[in-house]
2 protein chains.
Amino acid sequence: MNDYTTILREHNLKATPQRLEMTNALFMNGHVTIERLYELMLKKFSSISLATIYKNINLMLEASFIEEVKLPNAKSVYELTKETHSHLLCSKCDKVQDIVLNLTDVTRRASNAANFNISKTDLVLSGLCENCS
Amino acid sequence: MNDYTTILREHNLKATPQRLEMTNALFMNGHVTIERLYELMLKKFSSISLATIYKNINLMLEASFIEEVKLPNAKSVYELTKETHSHLLCSKCDKVQDIVLNLTDVTRRASNAANFNISKTDLVLSGLCENCS
DNA sequence: AACTTAAAGGATAATTATTATCTTTTAATA
DNA sequence: TATTAAAAGATAATAATTATCCTTTAAGTT
């Protein structure tokens, strides 16, 4: 029984082989689209149904076990939930990477300016990564 | 010939009545989903095709005349292109509002930390608006 | 270890969202 | 007003996602 078995069960999700492999694929690949995840899963479960992918993605989202990252001009990717962070998107190679940024100043300013009670920030910074620029 | 007639033509888009009404709907409503835009358009053009909406949305996006805003846990909304800005999303009433924030400090820090050449930032701050909190 | 059962998987139909195709209409220009 | 490329409308086709239904299985119980 590895780490994810426990974590899945803590979220009231049965630790099936398919789910363990999904979490493994997310862990190994970081940020994956639905179609990429399906491809990855097919390597291990040659007859897995796409419906299983979707059902598990949705259950894992509800359980906050994973998160969806909406990207400009690209399909959403999914990642394991971790410390709050922002994302960098390379517009050339399409790689997505995490970056931990202190946004307290920005949210404070926004909160004051608009009288808004901010509880979550979604930030995607697009440009060229180290390799592509 | 109003403002939008000129602007549409400057983007090499014919100023059709349907397009003028689309821009008007975006101007009056600020941020609208595809389905809401379709509803609004049907009031003025009872036989407008949904395909026309999609085609024009895509042409206007290509011309940078409008922009798509991807929101967490919600469908995308579209807005007329204006000064660079961020968005506030109320998680109770679902209203979206614009906010101009200086993000140079954040982007500079991110750029330095990750060796990234940042050209665009997409920021959505979620929480409770003045009315809902 | 076998038994029970609610939950999950697989196959696939159904639904929703978006794009493509084709014919008719029209905005823009001469 | 005549011409024409582009746009609109109708609808078919495709893509993305969800629902249904039957079979299998994880996980707890005896």
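Labels below follow one simple rule: chain letters A, B, ... track the order of the sequence lines, proteins then strands, and each chain is numbered from 1.
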Taking CZ from B/Arg19 and C1' from D/dA8, how many angstroms apart are they, rounded to a whole number? 9 Å
What is the distance from CD1 of B/Ile34 to P of C/dA17, rounded to the nearest Å? 11 Å
Rounded to whole angstrom units, what separation is found between the OH atom of A/Tyr38 and the C1' atom of D/dT17? 14 Å
First encountered from the 5' end of DNA chain D, between B/Lys14 and B/Ser47: B/Lys14
Would you say D/dG9 has OP1 or OP2 under 4.0 Å from some side-chain N or O of B/Thr52? yes
CG/A/Asn29: more than 12 non-hydrogen atoms of other groups inside 6.0 Å: yes
Is the number of heavy atoms from other residues, nucleotides or ligands under 6.0 Å of A/Phe45 CZ greater than 12? yes
How about A/Asp98 and A/His31: does a side-chain donor come under 3.5 Å of a side-chain acceptor? yes
At less than 4.0 Å, is any side-chain N or O atom of B/Gln18 found next to OP1 or OP2 of D/dG9? Yes or no. yes
Is there a donor-acceptor pair closer than 3.5 Å between any side-chain N or O of B/Asn58 and the backbone N or O of B/Tyr54? yes
Once you round it to whole Å, what is the distance between C1' of D/dA8 and CG of B/Leu13? 14 Å
Residue-phosphate contact under 4.0 Å: B/Thr16 side-chain N/O, C/dA27 OP1/OP2: no
Nearest whole angstrom, please: distance from the P of D/dA16 to the CD1 of A/Ile53. 15 Å
Can you measure B/Ile57 atom CD1 to C/dA17 atom C1' for me and round it to whole angstrom units? 14 Å
Does a side-chain N or O of A/Asn58 approach OP1 or OP2 of D/dT18 to a distance below 4.0 Å, or not? yes
Are A/Asn56 and C/dG9 close enough that a side-chain N or O sits under 4.0 Å from OP1 or OP2? yes
In whole angstrom, give the distance that lies between atom CD of B/Glu62 and atom P of C/dT19. 10 Å
Nearest nucleotide by nearest heavy atom, which residue falls closer to the 5' end of DNA chain C, B/Ala51 or A/Leu59? A/Leu59
Rounded off to whole Å, could you give me the CE-to-P distance for the B/Met22 and D/dG9 pair? 12 Å
Classify the nucleic acid contact of B/Ala15 as base, sugar-phosphate or nothing, counting any heavy atom under 4.0 Å across all strands shown. sugar-phosphate
Closer than 4.0 Å, any side-chain N/O of A/Lys75 to the OP1 or OP2 of D/dA16? yes
Using OP1 and OP2 only, check whether a side-chain N or O of A/Tyr54 sits under 4.0 Å from D/dT18. no
In terms of side-chain heavy atoms of B/Leu50, which of C/dA11, C/dT18, C/dT21 is nearest? C/dT18
To the side chain of B/Ser49, which of D/dG9, C/dA8, D/dA5 is closest? D/dG9
Counting distance only, does the side-chain N/O of B/Thr81 pair as donor-acceptor with the main-chain N or O of B/Ser64 below 3.5 Å? yes
